[in-house]
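Inspection log for the structure reproduced underneath, given as C-alpha cells.
This structure is a prediction, so every number in the text was calculated from the model and none was measured. Proteins get letters first, then strands, A, B, ... in listed order; numbering begins at 1 in each.
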Protein chains: 2
Amino acid sequence: MDTKKPIEKCEFLCVHEDVVQEVLRKMPEEETLFQLADFFKVFGDSTRIRILYALRETELCVCDIASLLGLTQTAVSHQLRVLKTSKLVKARRNGKTVFYSLDDDHIHRILDMGICHLEE
Amino acid sequence: MDTKKPIEKCEFLCVHEDVVQEVLRKMPEEETLFQLADFFKVFGDSTRIRILYALRETELCVCDIASLLGLTQTAVSHQLRVLKTSKLVKARRNGKTVFYSLDDDHIHRILDMGICHLEE
DNA sequence: TGAATATATGAATAACTATTCATATGATAT
DNA sequence: ATATCATATGAATAGTTATTCATATATTCA
C-alpha cells in the first residue's frame, strides 16, 4: 500500500524497553495527568491569573475587576465563568451586583505558593 | 464622531474606588503575574505534563519518551525544546542519543505538589 | 568517506481559545 | 410597568500553539 517511503522512519529503534516499562508502571495514571494539565491550564492565562491575584486580597464585583485590570466587563465575565467552572472562584449576589471571591482556602495557598516560586 | 450609540455602555459606574485602589496597592506587580501565567502555561499542556512526569522517574532519551507516550519523535522534540527553554528539563548527550532529565530538584518538588493537589 | 541512526528544526496546517460585539437576563427604583 | 444598571452569554473574529511533514544536523560505525 505504502509505495513511496523516501526515508525509513526511525520507529523507536533505540528504545530502552526495560526502562520504558518501569517508568510506565511507576507514572501516575494517564487520566490523572490530563486532569493536572487542565488544572494548570486555567492558571496559564494572564487575565485569569491577574483576576485570581486580585481576588486574593478581597472579594470584588465584576466592574471592580474590569476597572482594576483595564479589561472590558465582557472579557472579565467570560473568564470568571471559566474560573467558576474550575471551582477556583465562587459568586455571591447582592442586588444587581455579583461579588466574586476565591472558592476556598486551598486556592489561597496555591496562589501563595505561586508567589513563593517566583522568589526562588 | 460616534453618531450611533444604541445602548449606553456600563463604564464602571459601580466601581468601589477605594477598594480597587487598596487591591491595586497590595497585588503583585503586573510583570510578576505575567511571568507566573507563562510559568503555569508550560504545565498546562497534557503532552508536556506527561513528559515531565515520565522524567520524574528517570532520565529518558527522546525515543523512549515517544514510545512511552505514543507520540512521534518530532512532537516530543518540539515539546522538549519548550521545556528546556523554560528551564524545566536539561539535556545530556551520549553518542547519538540525548538523555533528558528534570532540570533540578525544585521541579521535582513542583511535580510532587501537583500529585498532592489532585489527591485533595 | 559514506551509510545508518537519533535528534532537531522551519514551515504549513489544524485545533483551540481569548476577546469583542450584540444582545439577553436579572435586579432595583421610580 | 418601565427605565436603568450590573452581569451573563452566544456567535464571530483574531491570535496562539501543538502537531505534522520534510529535511537538516550530529554522531557512530564500517
A side-chain contact here means heavy atoms from C-beta on lying under 4.5 Å apart; do [X] and [Y] qualify?
| X | Y | answer |
| --- | --- | --- |
| B:Leu55 | B:Tyr53 | no |
| A:Lys84 | A:Lys90 | no |
| A:Arg56 | B:Lys26 | no |
| B:His117 | B:Met113 | no |
| A:Leu102 | A:Glu59 | no |
| A:Asp64 | A:Cys61 | yes |

> How would nucleotides 24-30 of chain C be written as a contact map, 5' to 3', with B for base contact, S for sugar-phosphate-only contact and - for no contact, using protein heavy atoms under 4.0 Å?
Replying inline: --BBS--
>> For the CD1 atom of B:Ile110 and the CG atom of B:Asp105, what is their distance to the nearest 0.5 Å?
In response: 10.5 Å
> Side-chain N or O of B:Thr74 less than 4.0 angstrom from OP1 or OP2 on C:dA8?
Replying inline: no
>> So, does B:Thr72 get its side chain near the phosphate of D:dT20, meaning an N or O under 4.0 Å from OP1 or OP2?
In response: yes
>> Using heavy-atom distances to pick each residue's nearest nucleotide on DNA chain C, tell me which of A:Asp45 and B:Cys61 is more 5'.
In response: B:Cys61
Could you state the [atom1]-[atom2] distance from [X] to [N], rounded to the nearest angstrom?
| X | N | atom1 | atom2 | answer |
| --- | --- | --- | --- | --- |
| A:Tyr100 | D:dT7 | OH | P | 9 Å |
| A:Asp64 | D:dC5 | CG | P | 17 Å |
| B:Phe43 | D:dT17 | CZ | P | 17 Å |
| A:Arg48 | C:dA18 | CZ | C1' | 8 Å |
| B:Leu71 | D:dT20 | CG | C1' | 12 Å |
| A:Ile49 | C:dT17 | CD1 | C1' | 17 Å |
| A:Leu60 | D:dT7 | CG | C1' | 15 Å |
| A:Ile51 | D:dT7 | CD1 | P | 13 Å |

> Which residues, if any, of residues 75-85 of chain A bring a heavy atom under 4.0 Å of DNA chain C?
Replying inline: A:Ala75, A:His78, A:Gln79
N/O donor-acceptor pairs under 3.5 Å from side chains in residues 36-46 of chain A, not counting sequence neighbours:
unit_1	atom_1	unit_2	atom_2	d
A:Asp45	OD2	A:Thr47	N	3.1
A:Asp45	OD2	A:Arg48	N	3.1

> Do A:Asp104 side-chain atoms and A:Ile107 backbone N/O form a donor-acceptor pair below 3.5 Å?
Replying inline: yes
> Is there a donor on the side chain of B:Gln73 or the base of C:dA8 sitting less than 3.5 Å from an acceptor on the other?
Replying inline: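 Pair found.
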> Looking at the side chain of B:Lys41, which of D:dT17, D:dT7, C:dT7 is the nearest nucleotide?
Replying inline: D:dT17
